[in-house]
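This report concerns only the one structure given below.
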Amino acid sequence: MPANTVKFLSPEQPLADKPRHVAVIMDGNGRWAKRYGLPRAAGHRRGVEAVKKISRIFVRRGIPYLTLFAFSSENWKRPPTEVEALLKLLATTLERELGRMHENGICLRVIGDLSRFPAPLQRRIAEAVALTRDNRALNLTIAVNYGGRWDIAQACRSVAESVMGGQLSPDKVTPALVESRLCTRDLPEPDLFIRTGGEQRISNFLLWQLAYTELCFVEAYWPEFDAKHLDQALMMYARRQRRFGKTGEQVRELQA
Ligand code: IPE
Ligand code: IPE
Ligand code: MG
């Protein structure tokens, strides 16, 4: 456990509830593959298996929102063969798993700049989202070609268009208004952020949305992340006191 995740607990410290929304940077596929002498693509394939497993565990744990970072706006800088393998994996996973996801009550959302993807893939994504729209067991959001800076910029563009069009006056541009233009507008704020693979950075994930999220960094590589790791993160989360700018005493009083 990294030193900065260890926290002193006083016996009377109020506990955070179970998170409603968990956002995950699934990192370490490549290093996992290397450890076993496999190509990086094999690590990504195992990463998909981990997504399937973890989604089922979320349903069982009754955590309604899971958001996964699958491909960042910076991941295009990787070797073309890896980018191609990742996009192919996205398309085949969607094709193979959609039926099962729908049966299991998963409501799928995809966030990110999809305009860079081939038109048939964009269409398949839109169909999958429409098919699963009313499912309630788990809200699974996959971030592809997503970047936090892109999200904020596209929200700004949308606000600017409303102002230019005369539907919005500049003095109505508040944090809540900007938030309503982010591509996560249908999701609650993430309560818990988990990054696997040992790195302690945000890598342009949900920059705006993570403002008050509890951060948890896990050494395990994503393909090996399982129920045990998740439960450790949930236990760590349960011990945190979320103050949102208030004092610890104020929070305790509110919870009493
Ligand atoms: C995360 O694993 C998956 C993606 C970024 C697509 P990585 O591929 O980044 O694995 P490492 O960090 O190189 O081990
Ligand atoms: C972040 O991982 C993106 C995803 C997991 C999709 P990276 O492996 O791309 O992040 P950096 O480059 O190490 O910061
Ligand atoms: Mg990585």
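We count ligands from 1, going down the list as the structure has it; atoms in each ligand are counted the same way.
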At less than 4.0 angstrom from any non-hydrogen atom of [X], what atoms of ligand 1 do you find?
X     : answer
His44 : 3 (C), 8 (O)
Ala70 : 6 (C)
Leu86 : 6 (C)

Where is the tightest heavy-atom contact between Ser55 and Ile106, given as atom of each residue plus distance?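 Closest approach of Ser55 to Ile106: CB-CD1, 4.3 Å.
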
Quick check against the 3.5 Å criterion: does Thr132 have a side-chain atom that pairs as donor or acceptor with the backbone of Asn135? no

Please answer whether the main-chain N or O of Ala41 pairs with a side-chain N or O of Arg46 as donor and acceptor at a distance below 3.5 Å. no

Would you say Val59 and Val48 are hydrophobically clustered, going by side-chain heavy atoms of ILVMFWY under 4.5 Å? no

Consider only side-chain N and O atoms of His229 and Glu224, and report whether a donor and an acceptor are under 3.5 Å apart.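 No.
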
For the residue pair Asn145 / Trp76, report whether a side-chain donor-acceptor contact shorter than 3.5 Å exists.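 Per modelled atom types, Trp76 and Asn145 side chains form a pair under 3.5 Å.
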
For Ala33, state whether at least one heavy atom is located under 4.0 Å from any atom of ligand 1. no

Can you tell me if Gly28 has a non-hydrogen atom under 4.0 Å from ligand 1? yes

Going by heavy atoms, is Arg195 under 4.0 Å from ligand 2?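 Yes, Arg195 has a heavy atom closer than 4.0 Å to ligand 2.
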
What protein heavy atom sits nearest [atom], and how far away is it?
atom                    : result
atom 1 (C) of ligand 2  : Ile25 CG2, 3.9 Å
atom 7 (P) of ligand 2  : Arg78 NH2, 3.8 Å
atom 14 (O) of ligand 2 : Ser203 OG, 2.6 Å

What's the spacing between Leu140 CG and Leu68 CG if we round to 0.5 Å? 5.5 Å

Candidates Asn104, Leu108, Leu66 - the one meeting side-chain contact (heavy atoms from CB on, under 4.5 Å) with Leu138: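 The option that passes is Leu66.
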
Please say which of Ile54, Leu230, Ile25, Leu215 ends up in a side-chain contact (heavy atoms from CB on, under 4.5 Å) with Ile194. Leu230

Does the protein come close to atom 10 (O) of ligand 2 - that is, does one of its heavy atoms sit below 4.0 Å from that atom?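 It does: a protein heavy atom is found less than 4.0 Å away from atom 10 (O) of ligand 2.
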
Quick one: does ligand 2 sit under 4.0 Å from the side chain of Met26, the backbone, both or neither, non-hydrogen atoms only? backbone

Between Ala143 and ligand 2, find which residue part has any heavy-atom pair under 4.0 Å and reply side chain, backbone, both or neither.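 None of Ala143 does.
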
Quick check: does Ser72 get an N/O under 3.5 Å from an N/O on ligand 2?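 Checking ligand 2 against Ser72, no N or O pair falls under 3.5 Å apart.
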
Considering just N/O/S atoms, say which atom of Asp27 is closest to the Mg ion (ligand 3). OD1

Taking the side chain as everything from C-beta on, heavy atoms only, tell me whether Leu114 gets closer than 4.5 Å to Ile125.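 Touching, per the 4.5 Å side-chain cut-off.
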
Can you classify the ring geometry of Phe205 versus Tyr146 as parallel (below 30°), tilted (30 to 60°) or perpendicular (above 60°)?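 The rings of Phe205 and Tyr146 stand perpendicular, inter-plane angle above 60°.
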
Can you classify the ring geometry of Phe193 versus Phe217 as parallel (below 30°), tilted (30 to 60°) or perpendicular (above 60°)? perpendicular

For Phe71, take its heavy atoms, then give the atoms of ligand 2 lying under 4.0 Å from any of them.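 Counting atoms of ligand 2 from 1, those under 4.0 Å from Phe71 are 6 (C).
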
Only heavy atoms of Arg201, strictly under 4.0 Å: list the atoms of ligand 2 that pass.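 Those of ligand 2 that fall under 4.0 Å from Arg201 are 11 (P), 13 (O), 14 (O).
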
Close N or O approach (Asp27, ligand 1; < 3.5 Å):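 Among all N and O atoms of Asp27, at least one is under 3.5 Å from an N or O of ligand 1.
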
Does only the side chain of Lys34 get under 4.0 Å from ligand 1, or the backbone, or both, or neither? Count heavy atoms. neither

Option of least heavy-atom distance to atom 13 (O) of ligand 1 (set: Arg31, Arg40, Glu74, Glu199):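 The nearest heavy atom belongs to Arg40.
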
